[in-house]
Amino acid sequence: LSLLGAGKKPAGTAAYLGNVRQLATQNCQVIKGADWLNPTTLQHAFEARSARLAVNCATQIAEASNQEAGFTELSMELVDAARAHCELIVVTRFMEALKRELPGREVKSQLQVLCNIYALSLITARTGDFLVTGYLSHEQIDLAKAKLRDLFRQVRPNAVALVDAFDHSDYYLGSTLGRYDGNVYTNLYNDALKDPMNQSPVTEGYEEFIRPVIKQ
Amino acid sequence: MNTLAQERRKAEFDVESMKVVWAGSMEQLHLSQRMAHLVANDPVFRKDFRVTQSRPDLFKNTLRKAAHAWKLVQTLRLTEEEATKMRNYIDEPAYTDLHWGMFIPSIKGQGTEVQQQKWLPLAYKQAILGCYAQTELGHGSNVQGLETTATFDPSTDEFIMNTPVLTATKWWPGALGKVATHAVVYARLLTDGKDYGVHAFIVQIRSLEDHQPLPGVIVGDIGVKFGNGGYNTMDNGFLRFNNVRFPRDQMLMRLASVTKEGKYVQSDVPRQLGYGAMVYVRKSIVMDASNYLSRAVTIATRYSAVRRQFGAQGDKPEIQVIDYMTQQSRLFPLLATAYAYRFLGVWMAWLYSDVMARLEKNDFSTLPEVHACTAGLKSITTSTTSDAIEECRKLCGGHGYLCASGLPELYAGYVPACTYEGDNVVLLLQVARFLMKT
């Protein structure tokens with residue numbers, strides 16, 4: 001980060017750091033009635049969070065008498081900054097994937113809903129990062145939560161079909177609860193009857209350990 | 001009509017098209033379906049009694065499955081891609097994962113042309129079975145701290161491998177305990193009176209006649225691991241060397257070599273080429289994360305639709321738990337995450353191809369970033385997925401704790417990902433170091 005002032009341009013997944021001045025100063029623009037689901041808004045939020053956490057760490061390390069000791073001292077904050085950078089990558093990769101042609105009725109719109117859920121659920125789960133860096137206000141976080149509830153309602157009728165699309169067979173899942181036919185309780189009961197513990201009505205060990213206790 | 005059939009009628013999108021998106025292409029979808037069908041309909045691959053088996057029975061059954069799978073590969077003339085898919089659907093950690101996933105790639109990546117010609121044909125037909133012995137009892141993520149030594153003896157043109165202290169005992173490598181005949185062993189290279197640091201060597205550890213450990217080799221299984229099933233199907237092992245001698249040409253010499261006279265020679269091949277294998281492994285780990293997560297989410301979603309709790313009014317049934325906002329707020333972000341990781345995996349596959357193409361042209365410019373961000377992505381995807389499987393278990397209420405739910409075994413099989421190929425927090429610090437340098 002200290003090299004940025006010398007005009008060195010970061011590339012790849014760290015390219016956003018080239019815009020660090022704007023990311024560090026411009027807070028989230030979302031207000032009531034405005035759209036949290038604008039991809040630019042979402043991406044800016046994740047970039048700002050990552051850049052601000054990284055700059056905070058870099059500043060403190062630069063101020064330490066010994067850089068390596070400063071790195072060790074700040075390791076907890078550095079882990080948060082690294083996580084923020086990686087989560088930004090996941091969000092932007094999801095957004096990028098939706099820019100290409102995706103054939104099939106409403107396939108893209110369903111994935112768009114999921115992409116928004118992914119991004120907004122991360123924002124609400126990591127509110128600490130967004131608040132401590134001053135990027136979001138409490139009101140903006142409330143708006144994000146409200147939008148998330150809307151999105152949950154949209155995904156609800158499609159939830160079972162969305163997991164069917166993973167195309168996992170019953171054999172592969174190995175789960176009575178997750179059976180494709182949904183016939184859960186009959187199978188749980190029948191499987192229990194077949195359990196080795198139920199091969200005889202009276203357990204091994206009755207004569208040796210249970211009967212003496214009862215008959216004492 | 002049952003509950004899930006009713007749910008499926010509500011869908012607002014084309015599920016078959018979404019299957020293609022998830023699989024990557026129509027060809028991939030058909031390939032997956034063929035291999036899934038092949039495995040599911042073969043009684044040898046039965047897995048429903050896995051959690052009630054003793055460890056020795058469990059392990060022996062895994063050996064049976066691996067041998068049967070190998071027979072199928074040969075009789076059905078499966079391609080490498082088909083065989084890989086089949087191993088995935090067998091859904092059981094086995095020695096073959098390390099043989100094909102670590103041992104062979106190590107020889108390809110670090111062996112010279114001559115070494116590859118000697119060892120790869122043997123490995124491809126499984127005339128030798130290999131593992132990847134890096135981690136030691138006292139050193140995991142810190143590879144530079146490894147203590148096993150390989151000392152060159154010019155008088156016999158051999159290396160002598162030793163385990164000088166208890167903490168240098170190789171510990172954890174899959175397939176090492178009971179199966180592997182050979183290992184790629186990481187050890188400090190000592191020659192010409194100097195320590196040249198950690199290098200890789202191919203060492204035979206068991207006889208090819210009777211499978212007995214060779215003289216000077218102490219090898220065994222490290223014991224029972226977490227959960228029923230899970231990685232208990234794998235013979236993670238320990239290994240100690242007491243003056244084990246092997247020919248000089250069994251040092252993997254693509255990046256550096258030792259002459260007959262004991263001189264250490266750095267090759268022209270850039271050391272960075274070795275990083276390609278690491279990117280490949282991490283790309284596979286991210287793909288695995290989406291796979292495991294999608295399985296847990298499938299179970300939790302379907303059961304949340306079937307299960308009804310509270311809220312019955314008049315003749316109406318109780319409410320499906322999937323209709324509760326508390327259930328949705330925990331489940332739907334995980335569903336979204338499974339898809340997010342799928343697309344991330346696709347991008348990482350591209351990143352791997354890109355970095356390999358650049359490395360071939362001696363362009364190392366993107367390597368620090370790729371190295372760091374794949375480390376970080378491995379870290380966050382595996383941590384999130386293991387937490388998510390546990391969350392899905394809780395989303396299924398008490399029944400999620402039954403092995404019949406499939407979730408305990410899924411969890412036991414997945415959580416090691418948080419600590420293998422680098423501890424997750426240590427990996428995040430690697431990303432942080434890259435960010436600070438940027």
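Quick note on labels: first sequence line is chain A, next is B, and so on, each numbered from 1. In what follows, every heavy atom counts, from backbone to side chain, and hydrogens, waters and symmetry copies are set aside.
Using modelled atom types and a 3.5 Å distance limit, the side chains of A/Y171 and B/D42 yield no donor-acceptor pair.
If you measure heavy-atom distances from A/Q154 to chain B, the contacts under 4.5 Å come from the backbone alone. Contact of B/I90 with chain A is made through the backbone alone, with heavy-atom distances under 4.5 Å. Proximity to chain A (any heavy atom under 4.5 Å) is shown, for B/R50, by neither the backbone nor the side chain. Using a 4.5 Å cut-off between heavy atoms, A/A11 contacts chain B through its backbone alone, with no side-chain atom that close. Using a 4.5 Å cut-off between heavy atoms, A/E87 contacts chain B through both its backbone and its side chain. A/L188 touches chain B through its side chain: at least one heavy atom from C-beta onward sits under 4.5 Å away, while N, CA, C and O do not. B/Q327 does not touch chain A: none of its heavy atoms, backbone or side chain, sits under 4.5 Å away. Proximity to chain B involves both the backbone and the side chain of A/N158, based on heavy atoms less than 4.5 angstrom apart. Proximity to chain A (any heavy atom under 4.5 Å) is shown, for B/F45, by both the backbone and the side chain. Of the two parts of A/S121, only the side chain, counted from C-beta on, holds a non-hydrogen atom closer than 4.5 Å to a non-hydrogen atom of chain B. In this structure, the portions of A/F166 lying under 4.5 Å from any heavy atom of chain B include both its backbone and its side chain. Proximity to chain A (any heavy atom under 4.5 Å) is shown, for B/T366, by neither the backbone nor the side chain. Residue A/V184 touches chain B through its side chain alone, counting heavy-atom pairs closer than 4.5 Å. Of the two parts of A/Y180, the backbone and the side chain both hold a non-hydrogen atom closer than 4.5 Å to a non-hydrogen atom of chain B.
Between chain A and the options B/S32, B/A340, B/G376, B/A23, the largest number of non-hydrogen pairs under 4.5 Å is found for B/A340. With chain B as partner, the option from A/S50, A/G12, A/P196 having the largest number of non-hydrogen pairs under 4.5 angstrom is A/G12. The candidate from A/L148, A/D191, A/I117 with the greatest count of non-hydrogen atom pairs under 4.5 Å with chain B is A/I117. Counting heavy-atom pairs closer than 4.5 Å to chain B, the top-ranked of the candidates A/I61, A/L78, A/L53 is A/L78. Ranked by heavy-atom pairs under 4.5 Å with chain A, the list B/S294, B/S379, B/A296 is led by B/S294. Ranked by heavy-atom pairs under 4.5 Å with chain B, the list A/A161, A/A125, A/G104 is led by A/A161.
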Please walk me through it: do A/L114 and B/F332 pass side chain to side chain contact (heavy atoms under 4.5 Å, CB included)?
-> CA-CA 8 Å; A/L114 291 173; B/F332 293 165; over 6 Å; no

Quiz prompt | B/E7/A/R156 under side chain to side chain contact (heavy atoms under 4.5 Å, CB included): CA gap, chis, key distance, verdict | solution = CA-CA 10 Å; B/E7 287 290 332; A/R156 165 64 188 92; 2.9 Å; yes

Query raised in the report: Taking it one step at a time, do A/D181 and B/L4 satisfy side chain to side chain contact (heavy atoms under 4.5 Å, CB included)?
Result: CA-CA 7 Å; A/D181 65 8; B/L4 290 189; over 6 Å; no

Does the ring pair (Phe, Tyr, Trp, His ring centres under 6.0 Å) test come out yes or no for A/F152 and B/Y324, once each step is laid out?
CA-CA 10 Å; A/F152 291 158; B/Y324 288 102; over 10 Å; no

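Taking CD1 from B/I299 and OG from A/S175, the interatomic distance works out to 3.5 Å, rounded to the nearest 0.5 Å.
Panel note: side chain B/R302, backbone A/G178; a donor-acceptor pair is recorded below 3.5 Å. Using modelled atom types, no side-chain atom of B/N2 and backbone atom of A/G182 make a donor-acceptor pair closer than 3.5 Å. For the pair A/Y172 (side chain) and B/D91 (backbone), a donor-acceptor distance under 3.5 Å is absent. Side chain of B/E369 to main chain of A/T13: a donor-acceptor pair is present (N/O by atom type, distance under 3.5 Å, no hydrogens or angles).
The side-chain contact (heavy atoms from CB on, under 4.5 Å) with B/M18 is formed by just one residue from the set A/L111, A/L102, A/D167; it is A/L111.
Taking the charged nitrogens against the carboxylate oxygens, B/K19 and A/D164 have no contact shorter than 4.0 Å, which rules out a salt bridge.
For A/F94 and B/Y341, the ring centers are positioned 6.0 Å apart or more.
Of all the heavy atoms in B/Q328 and A/R153, the pair that sits closest is OE1-N, 4.4 Å.
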